[in-house]
There are 2 protein chains.
Amino acid sequence: MKQILIIEDDPEIIKLLEIHLSNLIYTTSKALDGEEGLNLALQNEYDLILLDLTLPTMDGVTICKRIREKKNTPIIMLTAKSEEIDRVLGLEMGADDYITKPFSIRELLARVKAVMRRTDVTKFEKKETSTITADGLLVDIERRKVLLNDKKIELSPKEFELLVLMASNPGRNYSRTELLDVIWGYNFEGYEHTVNSHINRLRAKIETDMAHPKYILTSWGVGYKFNEDIVT
Amino acid sequence: MKQILIIEDDPEIIKLLEIHLSNLIYTTSKALDGEEGLNLALQNEYDLILLDLTLPTMDGVTICKRIREKKNTPIIMLTAKSEEIDRVLGLEMGADDYITKPFSIRELLARVKAVMRRTDVTKFEKKETSTITADGLLVDIERRKVLLNDKKIELSPKEFELLVLMASNPGRNYSRTELLDVIWGYNFEGYEHTVNSHINRLRAKIETDMAHPKYILTSWGVGYKFNEDIVT
DNA sequence: AAAAAGTATCACAATAATATCACAGTACAA
DNA sequence: TTGTACTGTGATATTATTGTGATACTTTTT
């Protein structure tokens, strides 16, 4: 019997999911807010987690990341936003799939089955490396440490997160909105040019020539990306 | 053949949408005011509805809600206001996506395709080709990267969009007006020969012999097209 | 062949996007 | 409390991109 955890604050949706998932011989647990959901997810072994993006006490993005730090449980995000960008975001933060509300039950069940099928095979695969190396730069994610030519660099939290996110996927373009969503959080109400400032400060610490950055490149009219040509 | 319903009071925009949607092998119906639109939406089975927010006789929000009471037809809202509030409203009332006027046709088509893909359960596993190859040219749409004989080429936003659009349909002729509508947006007030300049700059970056272009060909008296004889 | 129409090219100004910097508010530790 | 580091934002500087005019060049038409 497969165990599914539902983290979702709308009781209507929970009810809906429970009815249809139990038809497929899955048993379900539920959590109504983020904190509770995270605890359940970490303390038990589920086969799948259905995770709402917008939740009380802790938002879905954070929960997803926190779960991924400890566990490999497959996660399907439930989100109200349907922009293409969000899809990528959801997957990059470690979710296995996403589905946008309002969704049809048929569609959801198809994805649940698909994820179950997929993870049966890949269940025992190893997690990714926790250090990134590129030219003279070394980023130790676990220890939150950055070395530039063997010299230790002190980064602020935001700077570090920016670096890790972008360096984890060299060559991928990140729009300012995307970065705000992922690092600042979904509900950040502020200007996009806040990102500029942080990129600027990050560059000041790791780049030798500010006019010609080696690591953090700007994609004009798009956003920023980590230089893919220098990763080892 | 997919059926799309357009509920929109501006005949110009309807015409524009019809032209470009028919290129994608969609057939369209149209309604010029809210009442008519609602009736059509309820009495027929459409695959998608494009719904203007501000309409005579009945506004878009009401129509959207009324449709949702009876049907699950995917809806994309067309709205002139760009405030964040309106977006959330649009989604909460049951719309699948929204797009703010003035929009570029390219953007709209992308969303239409995305919604179609999403709602079509059977096609979920299918992946879309995100790279185009032709002779020495490689266009990675997802990563916004262009390689010419394994050498990276930096393109400006407009140049990149022109290339992607035309390379996606090799051999198809694009008039200057069409390119302006699709890439610049239908509201662009400017000269057609703006396109010439951008094509010129694009060519300067990817063509080796400007006098005899290999990729971007000129259709005399018509417009431009991507050379269909070299795609792999 | 000349005129006309459409296209190519280029330089330059206007625009929009990004970079930089200073400063104030905040949080947090000593 | 004071001090310190971090962060968001305004102001301003600096760039890259873009639209346009002028002009040269082709192709088509007459």
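Labels below follow one simple rule: chain letters A, B, ... track the order of the sequence lines, proteins then strands, and each chain is numbered from 1.
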* To do: For C:dT18, take OP1 and OP2 only and decide whether either is under 4.0 Å from a side-chain N or O of A:Arg176.
  =>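 Yes, within the criterion.
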
* Asked: Atom CG of A:Asn196 and atom C1' of D:dG10: how far apart are they, to the nearest Å?
  ->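 Value for this atom pair: 13 Å.
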
* **Separation of atom NZ in A:Lys158 from atom P in D:dA5, rounded to whole Å** =>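 These atoms are roughly 18 Å apart.
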
* Could you point out which residue of A:Glu161, A:His198, A:Glu189 forms a side-chain contact (heavy atoms from CB on, under 4.5 Å) with A:Trp184? =>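 Of all the options given, the one that passes is A:His198.
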
* Separation of B:Lys205 atom NZ from D:dA16 atom P, in whole Å? ->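 The distance from NZ of B:Lys205 to P of D:dA16 comes to 11 Å, rounded to the nearest Å.
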
* Asked: Around A:Arg66, counting heavy atoms of other residues, nucleotides and ligands shown, do more than 12 lie under 6.0 Å from its CZ?
  ->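 Not more than 12 within 6.0 Å, no.
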
* To do: Could you check whether B:Phe188 gets within reach of a base, just the sugar-phosphate, or nothing at all, counting any heavy atom under 4.0 Å?
  =>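 Result for B:Phe188 = sugar-phosphate.
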
* Roughly, in whole Å, what's the span from CD in B:Glu159 to P in D:dT18? ->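 In whole Å, D:dT18 P lies 7 Å from B:Glu159 CD.
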
* Identify which one of B:Asn227, B:Ile132, B:Leu148 satisfies the side-chain contact (heavy atoms from CB on, under 4.5 Å) criterion when paired with B:Leu137. =>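 Single side-chain contact (heavy atoms from CB on, under 4.5 Å) partner of B:Leu137 among B:Asn227, B:Ile132, B:Leu148: B:Leu148.
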
* Asked: Below 4.0 angstrom from OP1 or OP2 of D:dG8, is there any side-chain N or O of A:Trp184?
  ->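 Yes, A:Trp184 has a side-chain N/O under 4.0 Å of OP1/OP2 on D:dG8.
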
* According to a strict under-4.0 Å criterion, is B:Ser197 in side-chain N/O contact with OP1 or OP2 of D:dG19? ->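 Looking at the OP1 and OP2 atoms of D:dG19, neither is under 4.0 Å from any side-chain N or O of B:Ser197.
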
* To do: Report yes if a side-chain nitrogen or oxygen of A:Ser156 is closer than 4.0 Å to either non-bridging phosphate oxygen (OP1 or OP2) of D:dT7; otherwise report no.
  =>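 So the side chain of A:Ser156 is within the cut-off, an N or O lying under 4.0 Å from OP1 or OP2 of D:dT7.
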
* Between B:Thr194 and D:dT20, does any side-chain N or O lie under 4.0 Å from OP1 or OP2? ->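 Answer yes for this pair, as a side-chain N or O of B:Thr194 is under 4.0 Å from OP1 or OP2.
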
* For atom CG of A:Leu202 and atom C1' of D:dC6, their distance in whole Å ->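 About 14 Å, once rounded to whole Å.
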
* To do: Could you tell me whether the phosphate oxygens of C:dT20, OP1 or OP2, come under 4.0 Å of any side-chain nitrogen or oxygen in A:Asn200?
  =>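 Indeed, a polar side-chain atom of A:Asn200 lies that close.
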
* Rounded to the nearest Å, what distance is computed from the NE2 atom of residue A:His198 to the C1' atom of nucleotide D:dG8? ->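 Taking atom C1' of D:dG8 as the reference, NE2 of A:His198 is at 6 Å.
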
* Using a cut-off of strictly less than 4.0 Å, decide whether B:Tyr224 has a side-chain nitrogen or oxygen near OP1 or OP2 of C:dT7. =>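 Answer is no, no contact under 4.0 Å.
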
* Rounded distance (Å) that lies between atom P of D:dG8 and atom CD of A:Glu161 ->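 My rounded result for the distance is 11 Å.
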
* To do: Take the protein atom CD1 of A:Ile199 and the nucleotide atom C1' of C:dT18, then report the distance between them rounded to whole Å.
  =>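 One finds 12 Å between C1' of C:dT18 and CD1 of A:Ile199, rounded.
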
* Is the count of non-hydrogen atoms from other residues, nucleotides or ligands lying under 6.0 Å from B:Lys15 atom NZ greater than 12? ->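 Atom NZ in B:Lys15 is not crowded, with 12 or fewer foreign heavy atoms closer than 6.0 Å.
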
* Would you mind telling me which of D:dT18, D:dG21, D:dT9 lies closest to the side-chain atoms of B:Tyr191? =>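 Output: D:dG21.
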
* To do: Ignoring hydrogens and angles, state whether a donor on the side chain of A:His193 or A:Asn196 is under 3.5 Å from an acceptor on the partner side chain.
  =>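 Per modelled atom types, A:His193 and A:Asn196 side chains form no pair under 3.5 Å.
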
* Asked: Touch check for A:Arg201, heavy atoms < 4.0 angstrom, all strands: base, sugar-phosphate only, or nothing?
  ->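 The residue A:Arg201 makes base contact.
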
* When only distance counts, do a donor and an acceptor, one from the side chain of A:His193 and one from the base of D:dG8, lie under 3.5 Å apart? ->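 Checked by distance alone, the answer is no.
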
